[in-house]
Amino acid sequence: MALDGLFFIFPSPMKILDGKALSEELIDSAKDEATKWKPKLAVILVGENPASLVYIKNKKKACERAGIEYEERRFPDTITQDQLISEIEKINTDDGISGLIVQLPLPEHIQVPLVIRAIDPKKDVDGFHAYNLGKIFLSPDFEDLPPATPSGIIRLLDHYDIPIRGQEAVVVGHSNHVGKPVSIMLLNRNATVTTCHIHTKDLKSHTKRADILIVAVGKAGLITADMVKKGAVVVDVGINRTEDGKLCGDVDFENVSKKASFISPVPGGVGPMTVAALILNTVHAAKRQNLKP
Ligand code: GUN
């Protein structure tokens with residue numbers, strides 16, 4: 001029997017996009033540059049959001065692994081917007097700090113865009129500032145400090161040799177930090193991109209066409225197997241908790257994994273890749289600022 005015939009009897013098995021393993025590799029690969037450029041990451045945390053506490057603990061651990069100095073500045077959720085911006089300005093002018101992130105979400109009385117605008121774009125290792133977002137708009141060559149989650153997703157696809165050029169990519173979710181920038185980064189790699197969101201009519205008609213499906217909504221069980229094309233690559237950015245407290249994504253992993261060619265798990269997929277991309281941005285920012293001793 002020809003090999004093609006065998007493929008129909010034994011279709012190639014679904015593969016896991018193992019973000020945890022790749023992120024460890026990438027963080028380790030940053031060690032030499034970290035030794036050379038001596039980056040220091042400052043993390044601002046406002047309040048005590050439980051998810052934020054977990055995220056920053058992971059970022060701290062990754063910094064320790066890469067040999068990056070890490071400093072946390074915590075403020076009560078009563079801090080005013082002006083006070084927070086003046087704390088950012090202090091870090092902007094501190095030559096010993098090469099990277100700064102303000103952990104989100106922030107309390108409702110604080111306007112996130114104004115806070116992000118206050119961060120020096122050179123130190124914006126989350127890649128959230130309009131200057132850094134503008135650069136990713138131009139072409140992959142201009143991606144200097146790309147937003148961490150989209151950058152982690154592209155690195156994950158590249159690592160598994162998943163082609164992007166000419167593919168139908170469907171992004172579900174149009175946030176400023178994930179959906180919109182990952183759509184642009186896929187477009188600049190010559191995918192045909194559809195961005196869906198809360199107002200999209202007939203979501204399934206779009207997701208069904210996707211060769212690459214990226215889901216970043218934050219709604220458990222949003223994507224079911226009937227919404228996915230056989231052989232699709234599925235990247236799940238959602239982080240939700242089930243009623244019994246377990247982490248899960250936006251995709252019905254158990255059933256979608258039977259149809260997908262590749263799928264990212266939650267946890268262990270995009271989350272660690274975001275942290276790895278943050279580490280790479282932090283080293284890159286220090287190099288650009290030339291923070292030698
Ligand atoms: N909150 C959830 N994810 C992120 C992230 O990647 N960066 C920041 N600053 N806040 C977050």
Side-chain angles (χ1 to χ4, degrees), residues 19 23 26-27 41-63 68 70-75 77 79 81 84-85 87-88 91-92 97-108 110-121 123-133 136 143 145-156 173-182 185 214-219 235-241 247-250 264 266-282 284-285:
S23 102
L26 290 171
I27 292 167
L41 175 66
V43 174
I44 290 183
L45 178 69
V46 178
E48 294 188 352
N49 179 296
S52 293
L53 290 169
V54 174
Y55 291 143
I56 65 169
K57 197 175 96 194
N58 292 338
K59 291 171 186 178
K60 182 178 182 196
K61 256 173 56 188
C63 283
I68 292 175
Y70 174 94
E71 183 184 324
E72 231 165 78
R73 298 196 183 178
R74 293 194 183 201
F75 302 97
D77 56 16
I79 192 171
Q81 184 170 288
L84 180 58
I85 288 174
E87 293 298 334
I88 291 170
I91 295 174
N92 285 344
I97 297 178
S98 48
L100 163 62
I101 66 171
V102 178
Q103 188 64 28
L104 302 178
L106 290 171
E108 273 187 12
I110 297 177
Q111 289 184 56
V112 173
L114 297 185
V115 168
I116 290 170
R117 193 177 69 179
I119 299 172
D120 181 341
K123 298 191 179 186
D124 168 40
V125 288
D126 255 330
F128 288 173
H129 192 285
Y131 177 78
N132 290 315
L133 290 174
I136 67 158
E143 288 167 10
L145 292 174
T149 299
S151 169
I153 293 169
I154 299 289
R155 284 177 184 278
L156 196 56
H174 69 332
S175 69
N176 286 340
H177 301 148
V178 184
K180 285 186 216 170
V182 80
M185 289 170 84
I214 315 259
V215 192
V217 172
K219 193 169 171 203
V235 178
D236 191 350
V237 188
I239 300 182
N240 313 293
R241 282 206 188 265
L247 282 184
C248 70
D250 293 347
S264 72
V266 178
V270 174
M273 287 306 297
T274 298
V275 176
L278 171 72
I279 294 295
L280 297 175
N281 276 354
T282 302
H284 182 70

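Start at 1 with the first residue, then count along the sequence. We count ligands from 1, going down the list as the structure has it; atoms in each ligand are counted the same way. Any value given below was found using the heavy atoms of this structure, including those in side chains, with hydrogens, waters and symmetry copies removed.
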Polar contact flag for [X] and ligand 1 (N/O pairs, less than 3.5 Å):
X: Val102; value: yes
X: Leu104; value: yes
X: Gln103; value: yes
X: Asp126; value: yes

For this session: Would you give the length of the straight line joining atom CG of Leu133 to atom CG of Asp124, rounded to the nearest 0.5 angstrom?
Result: 7.5 Å

For this session: Rounded to the nearest 0.5 Å, what's the gap from CD1 on Ile85 to CG on Asn92? Could you check?
Result: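 One gets 10.5 Å once the value is rounded to the nearest 0.5 Å.
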
Problem set entry | Residue Phe128 vicinity, atoms of ligand 1 by number, heavy atom under 4.0 Å | 7 (N), 8 (C), 9 (N)

For this session: Flag yes if more than 12 heavy atoms outside Arg117 fall under 6.0 Å of its CZ atom; otherwise flag no.
Result: no

For this session: For a side chain to side chain contact (heavy atoms under 4.5 Å, CB included) with Leu41, tell me which candidate from Leu278, Leu100, Ile97 qualifies.
Result: Leu278

For this session: Keeping the roles fixed (side chain from Asn132, backbone from Pro147), state whether a donor-acceptor pair exists under 3.5 Å.
Result: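 Not at all, since once roles are kept as given, no pair shorter than 3.5 Å links the two residues.
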
Exercise. Can you tell me the protein heavy atom closest to atom 5 (C) of ligand 1 and the distance?
Worked result: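 Among all protein heavy atoms, the one nearest atom 5 (C) of ligand 1 is Lys59 NZ, 3.8 Å.
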
